[in-house]
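First listed ligand is number 1; within each ligand, the first listed atom is number 1.
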Amino acid sequence: MLEQWVDALVLDPDGCYVDATFGRGGHSRAILERLSARGRLLALDRDPEAVREGERLARQDARFTIVHAPFARLAQVLAGHGWDRVSGVGFDLGLSSPQLDQACRGFSFQQEGPLDMRMNPHEGRPLSAMLSSVSERELARVIREYGDERYAGRIARAILRAVRDGRMNTTADLEHVCFHAVPRSYRYGGVHPATRTFQALRIWVNDEMEQLRQGLTAAIGHLRAAGRLVVIAFHSGEDRIVRDVIEQAVHPCTCPPQFPMCVCGRKPSMCWVQKKPLRPDEREVAANPRSRSARLRIAEAVS
Ligand SMILES: C[S@@+](CC[C@H](N)C(=O)[O-])C[C@H]1O[C@@H](n2cnc3c(N)ncnc32)[C@H](O)[C@@H]1O
């Protein structure tokens, strides 16, 4: 959905834009292609490897700057660069392919790696440490809420039993436990039984939902009039946060519905350009199966 994302985001070739999720820079490069010599792009990523790639791009293109920071700190990053209002902020949420493909990052159940899952390996606690101090009830909530996993309770119990027995040391151990914790009928045919649990644990380790709430709120607060917020989410919980944070800016009035007129004084700061999320077409899903669950939402600043 790269084309739609960049078409929706870049309306002013001379503008100042933010790519909040640099990854390997595909979206940033697409923005730079649309910008004039006066345009500017600031990108963020919390992953040091992504930032190293961004530094290479910054050496080739003076219009581009990369910052190693989580997007929850967007307001501070903008202030630190003397940017007040921007023409657009784009998010492309989730993991990059290199993160998923490198076994040593611990994101994938298809390769054996450490139980880490941190997007920034120098910050926070790895999954192994978090599993050693979480309650079964909390772990089941995480797996149910962030993974939409119907067997969350059974999986949480099995994971913590394996942790206690010293049988939970790698992603292969985690995959094995998830596979055997679910009923036989659930093991074959659909997605691999570890898929949802791995996704849920990654979201938990990186505090992704709270990051998103803070990042979107900061983005909305720094858009100039007609500036765009464009977000691709891959997870229904993330997409709900995108919808709700934008909806709150579109309809901020807190007056009871029976009031004839608004007395709270809260005025909309955003309007929807694309409220119903756009989905990838069949051709895109065939070419890139990971895009299957992508949803694109677009909103615009009104003041
Ligand atoms: C799907 S990838 C982006 C791919 C990118 N659009 C490209 O063209 O290569 C998501 C990226 O966002 C980064 N990321 C995820 N959450 C983040 C956060 N809270 N703050 C900063 N970066 C984040 C990840 O480290 C990853 O590199």
Side-chain angles (χ1 to χ4, degrees), residues 1-10 17-34 41-58 61 64-78 80 88-102 104-108 116-124 126 146 199-219 229-235 237-239 241-242 245 280 284 287-296:
M1 306 187 89
L2 168 63
E3 282 297 313
Q4 286 154 304
W5 185 89
V6 75
D7 283 350
L9 183 65
V10 182
Y17 288 89
V18 174
D19 176 358
T21 51
F22 178 77
R24 283 302 177 269
H27 285 60
S28 277
R29 287 184 182 85
I31 295 173
L32 288 166
E33 277 172 20
R34 306 284 175 98
L41 174 61
L42 183 72
L44 282 71
D45 206 294
R46 69 195 307 191
D47 185 329
E49 285 192 27
V51 172
R52 269 196 289 282
E53 174 71 25
E55 284 164 352
R56 274 194 284 278
L57 178 57
D61 192 326
F64 176 72
T65 308
I66 180 98
V67 180
H68 185 209
F71 52 60
R73 291 192 40 233
L74 179 61
Q76 294 91 313
V77 170
L78 290 176
V89 183
F91 292 78
D92 176 22
L93 299 168
L95 285 183
S96 66
S97 296
Q99 285 170 330
L100 198 56
D101 294 339
Q102 284 173 23
C104 63
R105 304 299 301 269
F107 289 114
S108 170
D116 193 324
M117 294 198 184
R118 286 172 296 176
M119 291 184 187
N120 180 356
H122 309 300
E123 199 178 76
Y146 301 154
Q199 171 185 276
L201 296 178
R202 185 206 88 208
I203 290 173
W204 180 50
V205 165
N206 293 287
D207 195 17
E208 290 180 40
M209 298 304 183
E210 188 51 31
Q211 278 283 322
L212 183 56
R213 248 179 235 109
Q214 293 184 20
L216 292 171
T217 304
L229 175 62
V230 183
V231 188
I232 297 179
F234 291 85
H235 178 269
E238 280 176 345
D239 183 56
I241 291 177
V242 176
V245 171
E284 180 156 10
N288 174 16
R290 282 178 188 170
S291 72
R292 201 176 38 234
S293 48
R295 297 169 179 87
L296 173 68

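- A salt bridge is defined here as a Lys NZ or Arg NE, NH1 or NH2 lying under 4.0 Å from an Asp or Glu carboxylate O, and Arg295 with Glu238 fails to meet this definition.
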| request: Check the pair Glu53 / Arg56 against salt bridge (charged side-chain N to carboxylate O under 4.0 Å, His left out), numbers first and verdict last. | output: CA-CA 5 Å; Glu53 174 71 25; Arg56 274 194 284 278; 2.9 Å; yes
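- Shown here for Met117 and Val205, the closest heavy-atom pair between the two residues is O-CG1, 3.8 Å.
- At a threshold of 4.0 Å, the pair Arg34-Glu3 counts as salt-bridged, since one of the basic side-chain nitrogens sits closer than that to a carboxylate oxygen.
- The OG atom of Ser291 sits 12.0 Å away from the CG atom of Leu296 when rounded to the nearest 0.5 Å.
- Between Gly54 and Phe64, the closest heavy-atom pair is O-CE2, 3.3 Å.
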Using a 3.5 Å cut-off on N/O to N/O, what pairs does ligand 1 make with the protein? A line per pair would be great.
| residue | atom | partner | partner atom | Å |
| --- | --- | --- | --- | --- |
| ligand 1 | 6 (N) | His27 | ND1 | 2.9 |
| ligand 1 | 6 (N) | Asp92 | OD2 | 2.7 |
| ligand 1 | 8 (O) | Gly26 | N | 2.9 |
| ligand 1 | 8 (O) | His27 | N | 2.9 |
| ligand 1 | 8 (O) | His27 | ND1 | 2.9 |
| ligand 1 | 9 (O) | Arg24 | N | 2.9 |
| ligand 1 | 9 (O) | Gly25 | N | 3.2 |
| ligand 1 | 19 (N) | Gln211 | OE1 | 2.8 |
| ligand 1 | 20 (N) | Phe71 | N | 2.8 |
| ligand 1 | 22 (N) | Arg46 | N | 3.2 |
| ligand 1 | 25 (O) | Asp45 | OD1 | 2.7 |
| ligand 1 | 25 (O) | Gln99 | NE2 | 2.8 |
| ligand 1 | 27 (O) | Asp45 | OD1 | 3.4 |
| ligand 1 | 27 (O) | Asp45 | OD2 | 2.7 |

